[in-house]
Student: 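Could you have a look at this structure, given as structure tokens, before my questions?
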Amino acid sequence: MTRGMQQTALFVYGTLCTGEDNAGLLAGLPVQEARVRGHLFRLPAGYPALVADSAGTWVRGELVTLDGEVRLGVLDHLEGVGQDLFQRVSLPVAVDGRTVVAWAYVMDRAQVRERTGVRVDHGDWRRLSVGRKRS
């Protein structure tokens with residue numbers, strides 16, 4: 001039995017965002033500017049981590065609408081889900097004046113501490129990566 005193509009929303013805030021290193025994995029999919037509550041950290045390995053926190057500041061990113069051609073399993077593998085790296089959780093995401101629930105890859109505070117993450121107070125990874133790419 002064939003059903004209509006299932007769509008899944010994913011909030012991205014780092015290397016999967018438009019113009020970033022892994023953006024090609026999501027090329028051609030619908031993208032909207034979005035944000036979530038939490039804390040953004042820069043990890044020494046060169047990528048960001050989000051700690052979800054409803055009382056946190058705004059973390060900027062994009063809401064991507066995945067389709068049947070992009071499997072969450074591929075992204076889970078990239079993000080190290082099940083390998084003590086990121087966890088995929090559902091979060092409320094603010095987009096275009098409304099709130100939707102979407103998947104996001106997050107770490108907990110202990111993981112960020114273990115990896116000596118540095119907090120990014122402005123919550124926008126792309127502001128950091130633009131400076132990094134110019135140097």
Side-chain angles (χ1 to χ4, degrees):
M1 174 167 75
T2 305
R3 294 184 180 188
M5 193 172 295
Q6 181 178 0
Q7 294 185 338
T8 302
L10 175 68
F11 176 77
V12 297
Y13 55 88
T15 66
L16 289 167
C17 283
T18 303
E20 296 296 325
D21 294 342
N22 292 318
L25 292 171
L26 303 174
L29 296 173
V31 174
Q32 295 175 278
E33 291 294 316
R35 58 192 185 155
V36 300
R37 290 283 188 180
H39 305 284
L40 186 66
F41 293 86
R42 180 181 45 151
L43 301 178
Y47 53 84
L50 169 66
V51 174
D53 180 352
S54 61
T57 58
W58 286 111
V59 174
R60 296 182 180 280
E62 298 172 341
L63 186 69
V64 180
T65 303
L66 303 177
D67 61 25
E69 296 175 32
V70 178
R71 304 259 191 273
L72 279 173
V74 171
L75 298 172
D76 285 354
H77 181 71
L78 172 74
E79 300 292 345
V81 172
Q83 301 167 29
D84 194 36
L85 195 53
F86 288 92
Q87 299 91 44
R88 180 167 41 94
V89 300
S90 61
L91 297 175
V93 178
V95 59
D96 199 24
R98 68 192 200 294
T99 301
V100 300
V101 176
W103 292 114
Y105 293 100
V106 302
M107 282 188 182
D108 62 35
R109 289 183 190 280
Q111 288 175 295
V112 169
R113 263 193 311 277
E114 288 168 9
R115 290 167 175 80
T116 64
V118 175
R119 182 136 173 222
V120 178
D121 290 328
H122 57 70
D124 190 346
W125 177 253
R126 288 174 289 188
R127 281 176 52 186
L128 289 178
S129 70
V130 166
R132 216 179 52 244
K133 289 178 182 178
R134 286 186 189 152
S135 12

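FYI, the numbering just counts along the sequence from 1.
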Student: D96: what forms a side chain to side chain contact (heavy atoms under 4.5 Å, CB included) with it, not counting sequence neighbours?
Tutor: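 Partners of D96 by the side chain to side chain contact (heavy atoms under 4.5 Å, CB included) criterion, ordered by chain and then number, come out as Q32, R98.
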
Student: Measuring from E33:CD to R60:CZ, what's the distance to the nearest 0.5 Å?
Tutor: 8.0 Å

Student: Tell me every residue that passes side chain to side chain contact (heavy atoms under 4.5 Å, CB included) with R42, counting only those two or more places apart in sequence or in another chain.
Tutor: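 Once residues adjacent in sequence are excluded, the partners of R42 under the side chain to side chain contact (heavy atoms under 4.5 Å, CB included) criterion are V118, V120, W125, L128.
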
Student: List the atom of P48, the atom of G14, and the distance in Å for their closest heavy-atom pair.
Tutor: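 In this case the closest contact between P48 and G14 is CG-CA, 3.6 Å.
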
Student: List the atom of L66, the atom of L10, and the distance in Å for their closest heavy-atom pair.
Tutor: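 Looks like CD1-CB, 4.1 Å.
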
Student: Taking side chain to side chain contact (heavy atoms under 4.5 Å, CB included) as the definition, give me every residue that meets it alongside D76, ordered by chain and number, with sequence neighbours left out.
Tutor: V81, R88, Y105

Student: Could you give the distance from CG (L91) to OG1 (T99), rounded to the nearest 0.5 Å?
Tutor: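 L91 CG to T99 OG1: 12.0 Å, rounded to 0.5 Å.
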
Student: Can you list the residues that meet the side chain to side chain contact (heavy atoms under 4.5 Å, CB included) rule with S90, with sequence neighbours excluded?
Tutor: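 Counting only residues at least two positions away or on another chain, S90 forms a side chain to side chain contact (heavy atoms under 4.5 Å, CB included) with V101, W103.
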
Student: With a sphere of 6.0 Å drawn around NE2 of H122, does it hold more than 12 non-hydrogen atoms of other residues, nucleotides or ligands?
Tutor: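 Atom NE2 in H122 is packed in, count exceeds 12.
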
Student: Roughly how far, to the nearest 0.5 Å, is the CG atom of L85 from the NE2 atom of H77?
Tutor: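 Between atom NE2 of H77 and atom CG of L85 there are 11.5 Å.
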
Student: Is there a continuous path of hydrophobic side-chain contacts, each under 4.5 Å between heavy atoms, that joins L63 to W58?
Tutor: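 Different hydrophobic clusters.
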
Student: Using modelled atom types only, decide if a donor and an acceptor are shared between the side chain of T57 and the backbone of R37 within a distance under 3.5 Å.
Tutor: no

Student: Applying side chain to side chain donor-acceptor pair (under 3.5 Å), can you list everything that pairs with D53, at least two apart in sequence or on another chain?
Tutor: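 H39, R109.
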
Student: Which value, rounded to the nearest 0.5 Å, describes the distance between D121 atom CG and F41 atom CZ?
Tutor: 9.0 Å

Student: Search all heavy atoms of C17 against all heavy atoms of A23 and return the closest pair with its distance.
Tutor: O-CB, 3.1 Å

Student: What heavy-atom pair brings P44 and R115 nearest, and what distance separates the two atoms?
Tutor: CD-O, 3.0 Å

Student: Which heavy-atom pair separates N22 from L16 by the least distance, and what is that distance?
Tutor: O-CD2, 3.5 Å

Student: To the nearest 0.5 Å, how far apart are CG in L72 and CD in E79?
Tutor: 11.0 Å

Student: Which residues satisfy the side chain to side chain donor-acceptor pair (under 3.5 Å) test with Q87, sequence neighbours excluded?
Tutor: Q111

Student: If you look at every heavy atom in V31 and T18, which pair is closest and at what distance?
Tutor: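 Shortest heavy-atom contact: CG1-OG1, 4.2 Å.
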
Student: When rounded to the nearest 0.5 angstrom, what distance separates CE in M107 from CD in E114?
Tutor: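 If we round to the nearest 0.5 Å, M107:CE and E114:CD are 9.5 Å apart.
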
Student: Look only at the side chain of Y13 and the backbone of L50, and say whether a donor-acceptor pair between them is shorter than 3.5 Å.
Tutor: yes

